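To start, the structure under review is shown below, and the notes come after it.
Nothing here was measured: the structure is a model prediction, and the numbers come from that model. Proteins get letters first, then strands, A, B, ... in listed order; numbering begins at 1 in each.
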Amino acid sequence: MYDGGGVFTKRNIMIEQILHIEIETCLLELYSAKNQNIQFQKTRKEFDGDVTLVVFPLLRVSKKGPEQTAQEIGHFLKEGVKEVCSFNVVKGFLNLSISSEFWFNQFKIAYNTEEFGIQEAKKDDPTYLVEYCSPNTNKPLHLGHIRNNLLGYSVSEILKASGKNVKKVQIINDRGIHICKSMIAWKKYGNGETPETSGIKGDHLVGKYYVEFDKYYKKEISELISSGMEEKQAEKEAPIFIQAQEMLRKWESKDEETVALWKKMNQWVYDGFEVTHKRLGVDFDKNYYESDTYLLGKKVVEIGLDKGVFYKKEDGSVWIDLSDEGLDEKIILRSDGTAVYMTQDIGTAIQRQEDFSFSNMAYTVGNEQDYHFKVLFLILDKLGYDWAKNCYHLSYGMVDLPTGKMKSREGTVVDADDLMEDMVQTSKSIAKDLGKLDGLSDKAADDLYEMIGLGALKYFILKVDPRKKMMFDPKESIDFNGHTGPFIQYTFARIQSLVSKYNSEISDIKFVNIKKEEQNLIKQILDFPSVIQEAATNYSPALIANYIYDLVKGYNSFYQNITILGEENDELKNFRVALSEKVALIIKDSMNLLGVEVPNQM
RNA sequence: GGCUCUGUAGCUUAACUGGAUAGAGCACCUGACUACGGAUCAGGAGGUUGGGGGUUCGACUCCCUCCAGAGUCACCA
């Protein structure tokens, strides 16, 4: 969960580092105490001050009441630390006010730092692998995949920004009975239909035949039942089902015709996925295919047997006993010698270690597989791979709909392509109603609708803590008021407009007296670096999303209450434009970490 | 049934990992464009954080116990 460097990344903005050192000296002098738990938090807005020291943990060494302890430390800091200009005590909380000169100077440094908060990875920085998407090739992507893709992509970008080398990978489930079902249905009832002849996107076309399969399968079952067969028997003996199984056997024995059909239909799916991925704005550095990796696990099994981690039953199947860890026995290899999912995952993990020498790996997979990954990491650890402890299951909750659960068999799935298109169309109609896009070319306007529609979707999904199940309400997600992506995009666009109306160049920023609103905004800006680090260690885009929202609210309040371009003092005006510009840059950089773009006009 | 996760305003959700009076948005009320974009801002109302115990200076957060929901426990993936 924490990076290996032992770096203390939490809330490490400059002022807390300074105060930390000073307070250590203070505690030593006043109470001869060392190595105390020094706890800071931001001062709540209803109190005076910028940084608050929680003194309760220090009462042990001060041997005095909270009020008095806080007073003593407060006096010491006010006397000895130039940044501390005043303090007050409320119960056990010491609120410290930091001089506006300090904040101003910090802002100046941030302003002059390009890509403030973002840390470029060097070659020998650790490499993180992020697996996400990992689809089956028998049907198109749906809403659940969207959450998966957005999370995986965003986490990758956040890790990059936190100074890690990152590789995005996916494993494509391209073999097995599911794809054979589509294949057999297409072969029997497809009449040679292709994406070209039908105009249907490849993944949707293959999905169509997966549904067809199910239709004929059910029909055959009921026919068999009405002719007197037991249901279970019928499910096994339905001709189309037997044909699908036969096809899988043919595929496994590398039957030429079957492999050719498999390749053709999978290619349709890949072409379709590519369109979806592109529109969604996600990409991958390397794809792994199950048809390549499903044989990998066998080597591993031998290693495991040699080490005594696994054991063989009489029928030849291979198992691991995890009952000491409070889990059960788990099968690693079937008695017929074929691999199960777990075998493959072990093999793939090791393969990836050979490919990338990663230090950490994150799997973006829904929480219904929590148990699977718990077991997987445990097995890798038992096999003696020291990187196993750095594997992380980025487990996310299901996406529910207001209408109920998403079930593919009941046809209540929200298709990814349809959803994106709906979002874009909605943003189009709203933007047209508002009529602010005069002077934009058709192309530029279309790009904008795309940006807003997808921005709304992405922000809505990413702002929720990944672990929690979430409710996706299409209506609410396209509401452009409130805590939404378009709200943030709007603020960005408005700043662009403001900055472009500022006639002069932003000159060297001179010290000016800043107001409370401005100081608050500066503090929010200075939080950005630690927010990135925190989001990275927690694998949580939601932390970024919520940070941006707070920043934007802070800015809008400033914007609404303080004149910027109307300010007569040139240095003050210069500062306020610079402040606005910096906020815009952070909005842009942080939104990009979510995979969301921001427009100059909307 | 065993194990895991979730439960916060009518709805969607935050809470710096144990800190101050639990923050926001939607919806509902009240105000604000003779300043830079009103897709905005200022304010009001709305909470026994599922219930009950415990730990402590202090609990949405940790422990126990119920209640409700979800997932998982296959020679499925």
B:C41 phosphate, OP1 or OP2, under 4.0 Å from A:Ser557 side-chain N/O: no
Length of the OH-P vector between A:Tyr559 and B:A42, whole Å: 14 Å
side-chain N/O A:Arg494 vs B:G38 OP1/OP2, d < 4.0 Å: yes
A:Glu67/A:Lys91 salt bridge by N-O under 4.0 Å criterion: no
Nearest-nucleotide pick for A:Met602, side chain only, options being B:C16, B:A39, B:U12: B:A39
Whole-angstrom distance between B:U4 and B:A9, as gauged at atom P: 26 Å
Whether A:Phe93 stacks on the six-membered ring of B:A20 base, 5.5 Å and 30° limits: yes
Closest listed nucleotide, where the reference is the side chain of A:Lys374 and the choices are B:A14, B:U4, B:G37: B:U4
Partner nucleotide, any strand, of B:G37 [Watson-Crick/G-U, under 3.5 Å]: none
Basic-acidic side-chain contact under 4.0 Å: A:Arg44, A:Glu46: yes
B:A39 phosphate, OP1 or OP2, under 4.0 Å from A:Asn556 side-chain N/O: no
Proximity to the side chain of A:Leu543 - top-ranked nucleotide from B:G19, B:A39, B:A15: B:A15
Check ion pair A:Arg334-A:Asp336 (N to O, under 4.0 angstrom): no
A:His483 and A:Tyr549 aromatic ring geometry - parallel, tilted or perpendicular at 30°/60° bounds: parallel
Between OG1 on residue A:Thr348 and CD on residue A:Glu131, distance to nearest 0.5 Å: 8.0 Å
A:Leu434 side chain, from C-beta outward: closest of B:U13, B:A39, B:C76: B:A39
Sugar-phosphate, base or nothing in reach of A:Asn37, heavy atoms under 4.0 Å: nothing
A:Asp400/A:Lys469 salt bridge by N-O under 4.0 Å criterion: no
ring centroid sep under 5.5 Å plus plane angle under 30, A:Phe47 with B:A20: yes
A:Tyr547 versus A:Asp527, side-chain donor and acceptor atoms under 3.5 Å: no
Under 3.5 Å on both distances, the Watson-Crick or G-U partner of B:U21: none
Nearest-angstrom distance, P atom, B:C63 to B:G18: 11 Å
Phosphate-side-chain proximity, A:Lys91 and B:C57, N/O vs OP1/OP2 below 4.0 Å: no
Glycosidic conformation of B:C33, taking syn as within 90° of 0 and anti otherwise: syn
Distance in angstrom units between A:Arg44 CZ and B:A14 C1', rounded: 12 Å
Nearest-Å distance for atom pair CD/C1', residues A:Glu534 and B:A14: 13 Å
Touch class at under 4.0 angstrom, heavy-atom based, for A:Asp550 against every strand present: nothing
Sugar-phosphate, base or nothing in reach of A:Ala542, heavy atoms under 4.0 Å: nothing
Touch class at under 4.0 angstrom, heavy-atom based, for A:Val54 against every strand present: base
Touch class at under 4.0 angstrom, heavy-atom based, for A:Pro57 against every strand present: base
Same-atom distance (P) from B:U17 to B:A74, integer angstrom: 39 Å
Position toward the 5' end of RNA chain B (nearest nucleotide), A:Ser335 or A:Thr52: A:Thr52
Shortest side-chain distance from A:Tyr549, nucleotide among B:A24, B:C26, B:G7: B:A24
Proximal nucleotide (of B:G25, B:U21, B:A39) relative to the A:Lys553 side chain: B:G25
Sugar-phosphate, base or nothing in reach of A:Gln344, heavy atoms under 4.0 Å: nothing
Per A:Tyr341 side chain, nearest of listed nucleotides B:A39, B:A77, B:A20: B:A77
A:Lys468 side-chain N/O to B:G7 phosphate OP1/OP2 under 4.0 Å: yes
Whole-Å C1' distance, B:U61 and B:G19: 11 Å
Nearest-Å distance for atom pair OH/P, residues A:Tyr288 and B:A77: 21 Å
Distance, rounded to the nearest Å, where A:Glu329 contributes CD and B:C3 contributes C1': 16 Å
base_contact_polar (B:A32 base, A:Asn561 side chain, donor-acceptor, <3.5 Å): no
Pairwise P distance, B:A15 and B:G52 [rounded to whole Å]: 24 Å
Parallel, tilted or perpendicular: rings of A:Phe56 and A:Phe93 (30°, 60°): perpendicular
B:A39 base stacked by A:Phe487 (centroids within less than 5.5 Å, tilt under 30°): no
Salt-bridge contact A:Lys374-A:Glu325 (side-chain N to carboxylate O under 4.0 Å): no
Salt-bridge criterion met for A:Glu597 and A:Lys588 (N-O under 4.0 Å): no
Base paired to B:U6 (Watson-Crick or G-U; both N/O distances under 3.5 angstrom): B:A68
Separation of the C1' atoms in B:G50 and B:A45, to the nearest angstrom: 24 Å
Distance, rounded to the nearest Å, where A:His483 contributes NE2 and B:U40 contributes P: 13 Å
Upstream residue (5' side of RNA chain B) when A:Thr484 and A:Leu565 are each assigned their closest nucleotide: A:Thr484
Among B:U17, B:A20, B:A39, the nucleotide that comes nearest once only the side chain of A:Asn538 is considered: B:U17
Whole-angstrom distance between B:G7 and B:G44, as gauged at atom P: 29 Å
Pair partner, B:G43 [Watson-Crick or wobble, under 3.5 Å]: B:C29
hbond_proxy A:Thr491 side chain to B:A39 base (donor-acceptor, 3.5 Å cutoff): no
Atom pair distance, as rounded to whole Å: CZ in A:Phe40 and C1' in B:C16: 14 Å
B:U17 glycosidic torsion: syn (within 90° of 0) vs anti: syn
Residue A:Arg334, side-chain heavy atoms: nucleotide from B:A20, B:A35, B:C76 that is nearest: B:C76
Pairing nucleotide - B:C73, Watson-Crick or G-U, each distance under 3.5 Å: B:G1
Rounded distance in Å - CG (A:Asp400) to C1' (B:C11): 14 Å
Sugar-phosphate, base or nothing in reach of A:Gln39, heavy atoms under 4.0 Å: base
Among B:A20, B:G37, B:A24, the nucleotide that comes nearest once only the side chain of A:Val90 is considered: B:A20
Any A:Lys501 side-chain N or O less than 4.0 Å from OP1/OP2 of B:G37: yes
Whole-Å C1' distance, B:G47 and B:C5: 25 Å
